[in-house]
Amino acid sequence: MKALLVASLALNVILGAVWVLRPTPPAPKVPAPVVAVAPPPAVEESGAMPAPALPQPKAWVELASRSPAELKSRLLAAGCPEATVREIVTMQICRTYRARLLAEEARAVRDWDFRKHQDPKALRERTRQQREWREQMITEVEEVTGTPWVEVRDNLLGWPRSGGAAGDYLPGEKRRALRQLDLGYRESLQEIQTKAVTEGWSAETRAQQRRLEAEREAAIANLLSPEEMQEYRMRESPAAYYARQNLPEAASESEFRAMVQAVIDAGVVPESRSMPARYGLTGDAEDPESAAREAKLKERLEAVLGADRIEAMRQVEQTRAEEARKAEEARQMAETRKMLQNVAASLGANEEAAGRFFDRLQEIQAEMDAKFKAMEQTLSGTPEEKNRQMQQAVRAALEPLATEFMGEKGTAVLERMMRRKE
Amino acid sequence: MGNRPGWLAGLGVSVAANLVLVAALLRGPGPAAEDPPPTPAPSPEPREKVVPSPALTPEPKRAAPFHWSQVESTNYPKYVANLRQMGCPEDVIGDIIRADLNDQYREKLAAIWQPSGTEYWQKPRREQPDKEEAARLQALTEEKRQVLTELLGSPQGEQSWVDLVLFQLHGPEQELLFLPEETQAAAMQALAEAGFERKEEQLGEAANRSTAQAELFREKLAILAKVLSPEELEEYRLRYSPAAGAVRMEVQYFDCTPDEFRALVESREKDGGRYANLLDRRAAEREAIELFGEERGREFGRASDLFYINARRAAEEHGLPPEAATRVWEAVRLARADLERVVSDPTFSAATKRQLAGSIRSQVEARIVKAMGEAAATGVLRDVQVVLGGMERSAQP
């Protein structure tokens, strides 16, 4: 019995040990939670601004993209300020187009036989191509940044903000379409104008210009709503241009619009005077309808503005023209003074003294003019001989003054200036 | 046997315990497996209790995702250094910094002077800063340029940036395009370091533009000589010197060889414009005879005469043969010689001179129209009117 008890106790120990040492069951698999996005490192939970960690050396590689739209979205996602994104993306677009321009120009420059002028036809074609690329560049910038080109440009260049830029009365898409349309006509219109300005206006060039202008106007009317078209006519049409350039300044927006409408009603179109006509040579063919149009414009302007207002405008214009003439005269005087000083400096004379000499000449100009005019009556001989005598008289009168102000070098300075005048 | 009931009780407990243990062992591994949690909740406990996915494993050495605030700084040198650190290309760094600085300087510049701006209905105004304002604007622009140069470590011109934004190409950048790209870059750098952008701007203020232009070109050649090979420099000179431009005008209808072109450019560079008069080719023709021999020299004299050039151009436009231009040139040459004799003859009265001059002019005009036709002759007739008319007027008392 005792042995049975011992055996049972031993079995207790063995079974207990087996139970204690039995294997542990495997743990259940836990599904992985969604990975949390790391917050920007700028602000910690405490709210304090920590010093940002240095960027990874290759961080730009992960941001860069050839696609401006993709680059923009990556930069924005990385927390880059919108203005900086606009600058980076715009400049990437500008650089892409510039690379294209440089490649094309390099090809043309290398192909050029520089013993001759560049072929005018090829030059015109390159200019046309460049205008087209520029237009594409601007369109792409506006589309990607969502900002009007004028604003982007002024911001990048630090220029004063343009404010009411031409075309800002149109939505972006229409503005771009209008620019594109204009590009198509610009080449042909410019060709006509160049021909007319260098050789003189003919009935044929006038007719061509009118036909093209009418075609362009019809195409624009097709593109814009009637309200937009009216704005276009008042702001950017040839009639608006004519009113700004050729008519007295309007006192208000409504007055200007009335004036533009009068120009449209009269059918007047801007026409630059040709070079031969400017120099008094036979140049521009008579336009038989021109006088009638001018008369109609005068009549329409008087009707909408009143004769008193027209007279007041004329007087303002006269004052303005006189001021402009005086300003131009002053500019030319300053230029001549500078030229005299440069000549003096190149001959080793004192620049300041040369300036004072010039000022003195201005003071006595009226007196000198009267003296030389009287002398002119006493001269005799051929025109060349008279001219020679006059030059000698001027030299004799001015030489003591030049020496007084500039010392012995004064004679050489005067001589150089007179030869230039000859 | 007095303890037998105690033994029996102990034996019974032991056997019972054995039975319980055997039953427990036969049932399975243990209580945990018996009652597993159906969906275990994420454990806040240390992760060694679960098998973690790699994404959850903390990697202390891996950097956080990039954020722009890591580079942006109000301290520009630091901003530039950070941008470089992140591998940002130099031109992009330049773009960012320059745009930022331009924005800052806009206000400063506007405080000195800015155009008043006009509405679409107002006349455009030609507003200019006065002398003092222009000088202050220039000084501020120069200050900005220096700040940029210091920040970016290389000379920074304003014009190249404007050209890039406005899609313009001109000046040295365009001229140097015939060279290999590396040479272009080195040449642009050399010109920038010599302050050429400013010098070219100042050209507009020069009293005598053509002299200043020639002087500046010589200066430019001296700078480029340090970067270009002698052959490249020579080609640059023949392409872009003011003298080369004048020679191209003269030889547009003279098929000159490269050596002839070079000889003419060298001559024009020395003579200071003595041979450039296209209306009077006598001196230029004499020189060309010395340089190229009698036949080529005479051909050059004819082909570079203004009347020949204009007549030839009109002939091309109207599909006429070059001989038509030669006939016009010959007629005008003779008429000018005749008129010169008449106006300088002291034996003729003023009235006789007028009459003879009128007759010479009518004859030459008729010959021109005969050679070219009415339409093609228009421009040449206008030139005749100007030149012969001028000779007639100079003879009048």
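Proteins come first, then strands; the chains are lettered A, B, ... in the order of their sequence lines, and each starts at number 1. As the structure is a computational prediction, the values presented were derived from the model and not from experiment.
Looking at B:Pro346, there are no atoms closer than 4.5 Å to chain A (heavy atoms on both sides), in backbone or side chain. For a residue to count as touching a neighbouring chain, one of its non-hydrogen atoms must lie under 4.5 Å from one of that chain's; by this rule B:Gln122 touches chain A with backbone and side chain alike. For A:Ala64, no part lies under 4.5 angstrom from a heavy atom of chain B. Contact of B:Phe261 with chain A is made through the side chain alone, with heavy-atom distances under 4.5 Å. At a 4.5 Å heavy-atom cutoff, the contact between B:Glu317 and chain A is made by side-chain atoms alone. At a 4.5 Å heavy-atom cutoff, the contact between A:Trp112 and chain B is made by backbone and side-chain atoms alike. Heavy-atom distances place no part of A:Arg74 under 4.5 Å from chain B, backbone and side chain included. Using a 4.5 Å cut-off between heavy atoms, A:Ile88 contacts chain B through its side chain alone, with no backbone atom that close. At a 4.5 Å heavy-atom cutoff, the contact between B:Tyr240 and chain A is made by side-chain atoms alone. With a 4.5 angstrom heavy-atom cutoff, B:Leu179 touches chain A only via backbone atoms. Within the 4.5 angstrom heavy-atom criterion, only backbone atoms of A:Thr198 (N, CA, C, O) approach chain B.
Highest contact tally toward chain A, considering only B:Gln104, B:Gln114, B:Glu173, is held by B:Glu173 [criterion: heavy-atom pairs under 4.5 Å]. Your options are B:Leu164, B:Asp103, B:Thr378, and the one with the most heavy-atom pairs under 4.5 Å with chain A is B:Leu164. Interface remark: of the candidates A:Arg107, A:Arg244, A:Arg95, A:Arg95 forms the most heavy-atom pairs closer than 4.5 Å to chain B. Taking A:Cys80, A:Gly79, A:Ala250 one by one and counting their heavy-atom pairs under 4.5 Å with chain B, the maximum is reached by A:Cys80. Contact count versus chain A (heavy atoms, under 4.5 Å) is highest, among B:Glu260, B:Gln168, B:Glu158, for B:Gln168. Between chain B and the residues A:Thr84, A:Leu102, A:Leu75, A:Asp111, the largest count of heavy-atom pairs under 4.5 Å involves A:Leu102. Note: A:Ser252 leads A:Ala324, A:Ser252, A:Ala83, A:Cys94 in heavy-atom pairs under 4.5 Å with chain B. Counting heavy-atom pairs under 4.5 Å between each of A:Arg257, A:His117, A:Arg115, A:Lys116 and chain B puts A:Arg115 at the top. Most heavy-atom pairs under 4.5 Å with chain A: of the set B:Val251, B:Val92, B:Leu169, B:Val162, this distinction falls to B:Leu169.
When side chains are defined from C-beta on, A:Leu63 counts as touching B:Trp68, because their heavy atoms get closer than 4.5 Å. Annotation: side chain of A:Glu231 is not in contact with side chain of A:Glu236 (no heavy-atom distance under 4.5 Å). Here the side chains of A:Arg98 and B:Asp163 are in contact, with some heavy-atom distance below 4.5 Å. Taking the side chain as every heavy atom from C-beta outward, A:Phe256 and A:Leu247 never approach each other to under 4.5 Å. Between A:Phe114 and B:Phe178 the shortest side-chain heavy-atom distance does not fall below 4.5 Å. In this structure, A:Glu249 and A:Met259 have side chains that are not in contact, with every pair of non-hydrogen atoms separated by 4.5 Å or more. Within the 4.5 Å cutoff, the side chain of B:Trp161 has heavy atoms near those of the B:Asp95 side chain. Within the 4.5 Å cutoff, no side-chain heavy atoms of A:Glu253 are placed close to those of A:Met234.
Of the possible donor and acceptor atoms, none in the side chain of A:Glu62 sits under 3.5 Å from a partner among the backbone N and O of A:Ala59.
Atom CG of A:Asp113 has more than 12 heavy atoms from other residues, nucleotides or ligands within 6.0 Å.
Judged by the 6.0 Å and 45° rule, A:Arg100 forms a cation-pi pair with A:Trp133.
Ion pairing of A:Arg131 with A:Glu135 is absent here, as no side-chain N (NZ or NE/NH1/NH2) approaches a carboxylate O to less than 4.0 Å.
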